[in-house]
Structure formats: structure tokens, C-alpha cells
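Read the structure below first, then the notes.
None of the values given here were measured: they were computed from a predicted structure.
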Amino acid sequence: MNFDENIDRKNTRSLKWDGMKNLFGREDLLPMWVADMDFRPPKEVIAALKERVDHGIFGYTIVTESLSEAICDWTSTRHNWNVKPEWLLYSPGVIPSIHTVIQAFTEPGDKILVQSPVYTPFFHMIERNSREVVNSPLILKNGRYVIDFDDFEKKLRDGVKIFILSSPHNPAGRVWEKEELTTIAELCKKYDVLIASDEIHADLVPAPYKHVPIASLDESFADITITFMAPTKTFNLAGVQASFMVVPNKSRRSKIAAIQASDGFSMLNTFGAIAMEAAYRHGSAWLDQALNYIQTNIEYVKKEVGTHLPDLKVIDPEGTYLIWIDCRKLGLSDAELKKRILEKGELALNFGHAYGPGGEGFVRMNVACPKATVIEGVKRLRMALGE
């Protein structure tokens, strides 16, 4: 795979490239924001999709045993987790799946816990379902985010029904360790709190770090956990809309399936099912190459920012292809920071205040793109925030 290839994505209905004007007010920016890659997926995925297109008929699609087996093989090989095919439920995306879980296991007014700064839609999902956001902020300690377990337990004790876990964490890049995940699960067991574990970035973890599915640690943890995964971040397939839930608890699985059926929203589209299976069966070598390439991009950003923008601090990502950058030492307001990056740097990043309390003064940069884009992006960041 030639990850250096610069592929023109303009005028392809790309949110990242063609949707900037709606979000940022202009379209002449370098987009390093929304979490999709500027890489083509594995050639086997493209070939499988082309074969299906050539068939020429796109009627209703079923999920085959072959797809379920591919997922189980992948989770076993990549994550040492023996998922059973009957545990799987399918959905167009992780966000719709979490909405379904919220509707299945809570009532309006119920409390749902998050850990900010965290993926913005977590807040939206809770609020749009008329539930209450409860926040236990992460602590930035020596350049690494950690959980305040005293606060976490206090919030759980106060009637929380669901905890939405971001693992690996977006935007902070933390890959949670077994001890941290065990403490989370034990506390959720203690206070009868369901864990909704968003693990969409699970595959995007380079050595020496290792993603551990929280449900894989113990049967009792699996019983209270619903895990959300997808090939979409891993292989740049977000547009085909395909994800799955792992739900070991049969009664919970039945309840989720009932909500999906009532919403009429439980079917994978033809291309999503094909792309998912091809990616999980044939994408391992591609992914290993992509992780190595992305890591060189991360190291470049760290080096250049450290050398030329000493007032900025890169939070070293242990996973994902997203870099969380602390700009607070500049003393700029969020509005000033945004203005300088957009107008002076002509660079589209995600701005930290959108990730909840603790995100103020940060920006998120996506480096899953050719090295030339990263070089230009750092140049523009220097133009915006340098002397």
C-alpha cells in the first residue's frame, strides 16, 4: 500500500473535504479534523465491492454465518477475545447503536456517566434522548490522562444507569490498562451500572500498547457490558455504514434486538456487509502497515511541535490516529484559538471545547493522511500559533 499517495477527495461528497464550509464557514482549509483517513482501504475490500457492483442487483441483504465467523476470528486474533457468533448484533454505526442501548435500558431523566474531555456525540446522544449527563472528568497528570476513581465511584453511587466508556479514548488517545478496566468494571458491578463500551478505535493501537476489551477480562464483566466495534475507523470505511455490538447477556441482547426491530433499523446494507467481511478476512497486513505509517506521522508532529511551538504540548497518543494538543499556555480564549487556526493557518482542526469540560484550549489533529499533508498541516499550525 502506498500511503504517500495523495488522493483527491474533493467533489466526492466527502464530509472531511466537501463539508468544511458548513462547519467552518469556508472551504479553502487543509482538513485534518473529522476522524476518517485519506488512505484507500485494502485492495481486497475494493475488489469485493467491485465484484458485488458487477453483479448488478442490490436487493435485501442477509447477514451470513461467514461474516459472523470473520468477526469472531478477528477479535480472537487481534484482541485475544473469544466472541461467540450468537453474541453479535449489527447496526449501521456505533452512534445509532448507543442510541438504541440508551433507549433499551434507561428512561427519560435517568443519569448516564461520561468522562470528559470525550467524543462530542456522547453528550448529544444523552441529551437528545432526554437523559441527564453526569461527568467524571479525566485528570491530565504528567502528560497522560488518568481516571479519578474517587470521583468516578461517587458519581456511580448517585444513581447512574449507564457508563459510556471510550476505549481507546477519543480524543485523549489513552489505551486503558487491565488494572484500570478492572477497577471500572468492579465499580460498575457494585452499583449495578451498565457499561456501554465504545471500542471503535480498538484496532488502531500500535505496539507496545495493547487494546483490551473490557468484556474480555471476566465473565461477570461481560455480563454487564455492551461492546461497540466496527471496521469503519480501522479500514476507512465509515461511508459504507457497518458496525456490530457484542452482547454476551442473552436477555440484554433480546431487549436491544427488540428496540432495533421497533425502529426498523437493524439491517446492514449490502456493501457494508461485504466490506466488513473482506476487511476482517484480508486486512491484517494492510492495518499493520497503516499503523507503522501513522506512527511516523505522530512522531513528526511531536518533534516539530516540540522544536518550533514550545508553548504547545502534544499529548502522546497511545492509540487512535488523533493527536490531542494542549494550547493553553498561549493564553488564548477558545474563540481566539479557533480564529487564528482557521484564518491565519487556514487549517481545519477539531476544537477542544466541543469535547466537554477539560477540553478548553486544546485542539485535535487527524494524522491518518499522507506525510506531505502532515508536513503542510504542521507548517500551517506554526503560521497560526508561532511567533
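Linking Ile, Leu, Val, Met, Phe, Trp and Tyr residues whenever their side-chain heavy atoms come within less than 4.5 Å leaves Val118 and Met365 in two separate clusters. Using a 4.5 Å cut-off between side-chain heavy atoms of Ile, Leu, Val, Met, Phe, Trp and Tyr, with links allowed through other members, Tyr119 and Ile102 fall into the same hydrophobic cluster. Ile162 and Ile224 are assigned to two separate hydrophobic clusters, defined by single-linkage of ILVMFWY side chains at heavy-atom distances under 4.5 Å. Trp81 and Tyr209 end up in different hydrophobic clusters when Ile, Leu, Val, Met, Phe, Trp and Tyr side chains are linked at under 4.5 Å. Hydrophobic clustering places Ile341 together with Val301 (ILVMFWY residues linked when any side-chain heavy atoms are closer than 4.5 Å, directly or through intermediates).
Arg9 has a carboxylate O that lies under 4.0 Å from a charged side-chain N of Asp36, or vice versa, which qualifies the two as a salt bridge. Under the 4.0 Å criterion applied to side-chain N and carboxylate O atoms, Glu186 and Lys190 are not assigned as salt-bridge partners. Ion pair Lys302/Glu299 flagged as a salt bridge, since at least one NZ, NE, NH1 or NH2 atom sits closer than 4.0 Å to an Asp/Glu carboxylate oxygen. Between Arg144 and Glu180, no side-chain nitrogen of the basic residue sits less than 4.0 Å from a carboxylate oxygen of the acidic one, so the salt-bridge criterion is not met. Of the charged side-chain nitrogens involved, none lies within less than 4.0 Å of a carboxylate oxygen, so that Arg78 and Asp203 do not count as a salt-bridged pair. Taking a cutoff of 4.0 Å between a charged side-chain nitrogen and a carboxylate oxygen, Lys189 and Asp223 do not qualify as a salt bridge.
In terms of heavy atoms, Ile298 sits closest to Thr320 at CD1-O, 4.4 Å. Residues Pro248 and Thr225 approach most closely at CD-O, 3.9 Å, considering heavy atoms. Among all heavy-atom pairs drawn from Arg131 and Glu107, the shortest one is NE-O, 3.3 Å. Residues Ile147 and Phe152 come closest through the heavy atom pair CG2-CB, 4.3 Å. Looking at every heavy atom in both residues, Val175 comes nearest to Gly319 through CG2-N, 3.6 Å. Shown here for Pro206 and Glu318, the closest heavy-atom pair between the two residues is CD-O, 3.4 Å.
Other residues, nucleotides and ligands contribute over 12 non-hydrogen atoms within 6.0 Å of the NZ atom of Lys210. Residue Glu5 places its CD atom among more than 12 non-hydrogen atoms of other residues, nucleotides or ligands, all under 6.0 Å distant. Residue-environment remark: CG (Asn80) stays at or below the threshold of 12 foreign heavy atoms within 6.0 Å.
A donor-acceptor distance shorter than 3.5 angstrom exists from the side chain of Ser262 to the backbone of Ile259, with no hydrogens or angles considered. Judged purely by atom type and a 3.5 angstrom limit, Asp18 uses its side chain to pair as donor or acceptor with the backbone of Arg13. No side-chain donor-acceptor contact under 3.5 Å links Asp28 to the backbone of Glu346. For Thr120 (side chain) and Ala354 (main-chain N/O), a donor-acceptor pair under 3.5 Å exists by modelled atom type. Formation of a donor-acceptor pair under 3.5 Å by the Trp176 side chain with backbone atoms of Ser166 is found in this model. Put simply, the side chain of Arg253 gets close to the backbone of Val247: a donor and an acceptor are under 3.5 Å apart. The closest donor-acceptor contact from the side chain of Thr75 to the backbone of His79 lies at 3.5 Å or more, if one exists at all. A donor-acceptor contact shorter than 3.5 Å links the side chain of Asp334 to the backbone of Gly361. Formation of a donor-acceptor pair under 3.5 Å by the Thr100 side chain with backbone atoms of Pro96 is found in this model. At least one donor-acceptor pair under 3.5 Å links the side chain of Ser254 to the backbone N or O of Lys250.
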Kindly indicate, with the supporting measurements, whether the criterion side chain to side chain donor-acceptor pair (under 3.5 Å) is fulfilled by Gln103 and Asn129.
CA-CA 7 Å; Gln103 293 162 12; Asn129 281 289; 3.2 Å; yes
Could you give me the CA-CA distance, side-chain angles and deciding distance for Phe221 and Thr182, then say whether side chain to side chain contact (heavy atoms under 4.5 Å, CB included) is met?
CA-CA 8 Å; Phe221 300 169; Thr182 298; 4.1 Å; yes
Please determine whether side chain to side chain donor-acceptor pair (under 3.5 Å) holds for the pair Ser68 and Tyr90, giving the CA-CA distance in whole Å, both sets of side-chain angles, and the decisive distance to 0.1 Å.
CA-CA 10 Å; Ser68 300; Tyr90 294 91; 3.0 Å; yes
Set out, in order, the CA-CA distance, both residues' side-chain angles and the distance that settles side chain to side chain contact (heavy atoms under 4.5 Å, CB included) for Lys50 and Ile46, then state yes or no.
CA-CA 6 Å; Lys50 283 182 176 179; Ile46 296 173; 3.7 Å; yes
Give the intermediate values and the outcome of side chain to side chain contact (heavy atoms under 4.5 Å, CB included) for residues Thr64 and Glu277.
CA-CA 10 Å; Thr64 63; Glu277 182 168 351; 4.0 Å; yes
Could you go through His124 and His99, starting from their C-alpha distance and side-chain angles, then the distance that decides it, and tell me whether this counts as side chain to side chain contact (heavy atoms under 4.5 Å, CB included)?
CA-CA 10 Å; His124 298 163; His99 272 284; over 6 Å; no
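Taking the six-membered ring wherever Trp is involved, the centroid distance between the rings of Trp74 and Phe235 falls below 6.0 Å. Remark: aromatic rings of Phe3 and Trp286 are close, center separation under 6.0 Å.
Of the inter-residue distances, the one linking Arg157 atom CZ with Leu187 atom CG reads 9.5 Å to the nearest 0.5 angstrom. Taking CG of Leu332 as the start and CD of Glu360 as the end, the distance is 14.5 Å to the nearest 0.5 Å. Rounding to the nearest 0.5 angstrom, the gap separating the CZ atom in Arg328 from the CZ atom in Phe362 is 4.0 Å. With values rounded to the nearest 0.5 angstrom, Ile98 atom CD1 is found 5.5 Å from Ile164 atom CD1. A distance of 7.5 Å separates CG of Leu29 from CG of Leu347, quoted to the nearest 0.5 Å. Atom CD1 of residue Ile184 and atom CD1 of residue Ile214 lie 5.0 Å apart, to the nearest 0.5 angstrom.
In this structure, the side chains of Lys161 and Phe105 stay at 4.5 Å or more apart for every pair of heavy atoms. Side-chain contact between Lys371 and Asn297 is present, with heavy atoms from C-beta onward closer than 4.5 Å. Between Leu268 and Leu67 there is a side-chain heavy-atom pair separated by less than 4.5 Å. Counting heavy atoms from C-beta outward, Lys111 and Lys155 have side chains that stay 4.5 Å or more apart. Within the 4.5 Å cutoff, no side-chain heavy atoms of Val94 are placed close to those of Glu199. Taking the side chain as every heavy atom from C-beta outward, Pro42 and His282 never approach each other to under 4.5 Å. For the pair Arg40/Met1, a side-chain contact is recorded, criterion being any heavy-atom separation below 4.5 Å from C-beta on. Within the 4.5 Å cutoff, the side chain of Asn292 has no heavy atoms near those of the Thr296 side chain.
A ring-ring contact (aromatic ring centres under 6.0 Å, His included) with Tyr355 is found for one member of Phe123, Trp324, Phe122, Tyr145 and no other, namely Trp324. Checking Asp326, Val363, Leu381 one by one against Leu312, the side chain to side chain contact (heavy atoms under 4.5 Å, CB included) holds for a single residue, Leu381.
Inspection of the Ser91 and Gln260 side chains reveals no N or O donor paired with an N or O acceptor under 3.5 Å.
Listed by chain and residue number, nothing satisfies the ring-ring contact (aromatic ring centres under 6.0 Å, His included) test with Phe228 (two or more places apart in sequence, or in another chain).
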